[in-house]
Amino acid sequence: MAIPQADPGANYRAHRAEIDAAIARTLESGRYILGPEVEAFEAEFAAYCGVAHASGVGSGTEALTLALRAVGVGPGDEVITVAHTAVATVAAIEAAGARPVLVDVDPVFYTLDPARLDAAITTRTRAVIPVHLYGQPADLAPIRDWTRRHGLWLIEDAAQAHGAIYHGRRVGSWGDLACFSFYPTKNLGALGDGGMVVTDNADLAERVRLLRQYGWRVRYISHIPGTNSRLDELQAAVLRVKLRYLEVENERRRALARRYTSLLAGSDVIPPTERPDACHVYHLYVIRYARRDQLRAALHSQGIGSTVHYPVPVHLQPAYSHLRLGRAALPVSEGLSREVLSLPLYPEMSEEEVERVASIVLGCLGGV
Ligand SMILES: Cc1ncc(COP(=O)(O)O)c(C=O)c1O
């Protein structure tokens, strides 16, 4: 039996009766855009994150762009983020009209290295976007201290880290704003696209709400130039069901990750390292291995799915060659892109399946 790297269909099947009922209720309601389901989900998700406000938007990418626009970041401004991330983080900065300035990640946890910030700041820097990559919180305390010291905005990219905890508080509650994605494979995944911006700041929450719908406070009257980026009622209704299971499913991911790590211990594979005083929610279980491509091919031939997150750091991608100019290389990001491999992990996986994948990985190591 093949084992995929992720399986959003299994999550639907696990909650089928409740999801089908939520969809039927929404269809019957006749309200499909920005209605009671979105409002209820916003309140529930804000409470879950431990913040005052949440605004549902069209995707995680748009959440980042609207968060940047809400704080006034635009053309002429620079935003510091990492090169070892989904290209969405960088695309969102450019969509806001600003210039991404890419820094390296640290070699142990693979998140923004606070020691790189001093070299990246210029008079045009306005914001920093750390990414909680693979479900692991970035080192928020020193990053937040640094942004405060320099009067910059801190916007968390929490697209991969719903429910992760750093120093006793959920990610999403550390930045001035934080952005989530509900892409179907995420720990909290919709049945299509969706995103959320959370914040404790009522003015910023209001600005995101204006921006997501043409700047309307009252219908058809635009107070500021906005766009169309709305979470729809069907997705919100489904996400409300899934939010109720997020804690249990994150715990399940963590248990399966622990099992992988203990099975792979002592091999040439480098398992993920959890940041102390943090709770990693294992959106992805990412190993490092020097002959990654050969291992991936060998796994594939035995029906084991795996993915590379990410094969090319953003500054080396064809679309972003302009970001490379005049910048130093980013050796950790570049090394990771050659070695990382995401093994199958999703809450519906059985322990036996994890054992099977680990044993196939170990069996392949000698031969690749
Ligand atoms: C780190 C990160 N940031 C941003 C995004 C963008 O989210 P979306 O796909 O919902 O636009 C994603 C997901 O794809 C992501 O993994």
Side-chain angles (χ1 to χ4, degrees), residues 5-6 8 41 45 54-69 79-96 98 100 102-103 105 109-112 127-138 140 143 154-164 171-172 174-175 177-198 208 211-212 227-232 235-236 238-239 242 253 280-286 307-315 317 319-320 333 336-337 340 342 345-346:
Q5 187 264 314
F41 178 56
F45 193 70
S55 310
V57 297
S59 70
T61 308
E62 290 173 351
L64 288 162
T65 300
L66 298 190
L68 288 164
R69 289 182 62 187
V79 178
I80 299 172
T81 191
V82 286
H84 183 58
T85 181
V87 83
T89 315
V90 174
I93 295 169
E94 291 203 336
L102 302 179
V103 297
V105 292
F109 307 111
Y110 317 150
T111 55
L112 191 151
V128 178
I129 304 183
V131 180
H132 306 310
L133 198 70
Y134 308 152
Q136 168 109 286
L140 287 163
I143 296 170
L154 175 61
I155 299 174
E156 296 172 67
D157 182 341
Q160 300 189 0
H162 318 71
V171 303
W174 285 81
L177 298 137
C179 302
F180 290 86
S181 162
F182 303 123
Y183 185 80
T185 56
K186 299 291 199 258
N187 290 31
L188 182 59
L191 305 181
D193 276 312
M196 189 75 90
V197 182
V198 305
V208 172
L211 286 166
R212 78 176 169 187
T227 186
N228 173 0
S229 179
R230 303 175 291 213
L231 183 64
D232 69 62
Q235 299 303 343
V238 170
L239 288 163
K242 292 195 175 193
R253 286 175 182 272
H280 186 324
V281 291
Y282 287 98
H283 168 53
L284 299 167
Y285 185 86
V286 179
T307 313
V308 175
H309 298 94
Y310 295 91
V312 181
V314 179
H315 64 297
Q317 303 228 0
Y320 295 100
S333 301
L336 286 170
S337 69
V340 289
S342 306
L345 185 73
Y346 42 93

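Counting starts at 1 for both ligands and their atoms, following the listed order. Given the structure is predicted, the values throughout are model-derived calculations rather than measurements.
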For this session: Note the single closest protein heavy atom to atom 9 (O) of ligand 1, along with its residue, its atom name and the distance in Å.
Result: Ser181 OG, 3.9 Å
Exercise. What residue and atom, counting heavy atoms only, is the protein's closest point to atom 1 (C) of ligand 1, and at what distance?
Worked result: Asp157 OD2, 3.5 Å
For this session: Give the atoms of ligand 1, by number and element, whose distance to some non-hydrogen atom of Thr61 is under 4.0 Å.
Result: 6 (C), 7 (O), 8 (P), 11 (O)
Problem set entry | Side chain Ser337, main chain Pro313, donor-acceptor under 3.5 Å | no
For this session: Quick one: do Glu62 and Thr227 satisfy side chain to side chain contact (heavy atoms under 4.5 Å, CB included)? Show the steps, please.
Result: CA-CA 10 Å; Glu62 290 173 351; Thr227 186; over 6 Å; no
For this session: Any chance you could measure Leu66, atom CG, to Thr61, atom OG1, to the nearest 0.5 Å?
Result: 10.5 Å
For this session: Enumerate the atoms of ligand 1 whose separation from the nearest heavy atom of Thr89 is less than 4.0 angstrom.
Result: 3 (N)
For this session: Would you mind running through ligand 1 and noting each atom that sits below 4.0 Å from a heavy atom of Ser59?
Result: 10 (O), 11 (O)
Exercise. Would one find an N or O of Tyr183, backbone or side chain, under 3.5 Å from an N or O of ligand 1?
Worked result: no
Exercise. Purely on distance, is any nitrogen or oxygen of Thr85 under 3.5 Å from one on ligand 1?
Worked result: no
For this session: Using distance alone, determine whether Asp193 and ligand 1 share an N or O pair under 3.5 Å.
Result: no
Exercise. Can you tell me the protein heavy atom closest to atom 13 (C) of ligand 1 and the distance?
Worked result: Lys186 NZ, 2.8 Å
Exercise. For ligand 1, which atoms have a heavy atom of Val131 less than 4.0 angstrom away?
Worked result: 1 (C)
Problem set entry | Glu156 side-chain N/O to Pro130 backbone N/O, donor-acceptor pair under 3.5 Å | no
Seminar exercise, completed: The closest protein heavy-atom partner of atom 16 (O) of ligand 1 is Gln160 NE2, 2.8 Å
Exercise. Should the heavy atoms of other residues, nucleotides or ligands under 6.0 Å from OH of Tyr310 be counted, would the total exceed 12?
Worked result: yes
Exercise. Considering only heavy atoms, which of Ala158, Gly60, Gly58, Ala159 lies nearest to atom 15 (C) of ligand 1?
Worked result: Ala159
For this session: Mark the output for His309 as yes if a heavy-atom distance to ligand 1 is under 4.0 Å, and as no if none is.
Result: no
Problem set entry | Residue Ala88 vicinity, atoms of ligand 1 by number, heavy atom under 4.0 Å | 4 (C), 5 (C), 6 (C)
Exercise. Relative to the ring of Phe180, is the ring of His162 parallel (under 30°), tilted (30 to 60°) or perpendicular (over 60°)?
Worked result: tilted
Problem set entry | Main-chain N/O of Gly163 paired with Asn187 side-chain donor or acceptor, under 3.5 Å | no
Exercise. What part of Glu62 sits under 4.0 Å from ligand 1 if we count only heavy atoms: the side chain, the backbone, both or neither?
Worked result: neither
Exercise. Can any side-chain N or O of His132 pair as donor or acceptor with the backbone N or O of Ala138 at less than 3.5 Å?
Worked result: yes
Exercise. Are any side-chain N or O atoms of Lys242 and backbone N or O atoms of Gly189, one a donor and one an acceptor, separated by less than 3.5 Å?
Worked result: yes
Problem set entry | Geometric class of the Tyr282/His280 ring pair [parallel <30°, tilted 30-60°, perpendicular >60°] | parallel
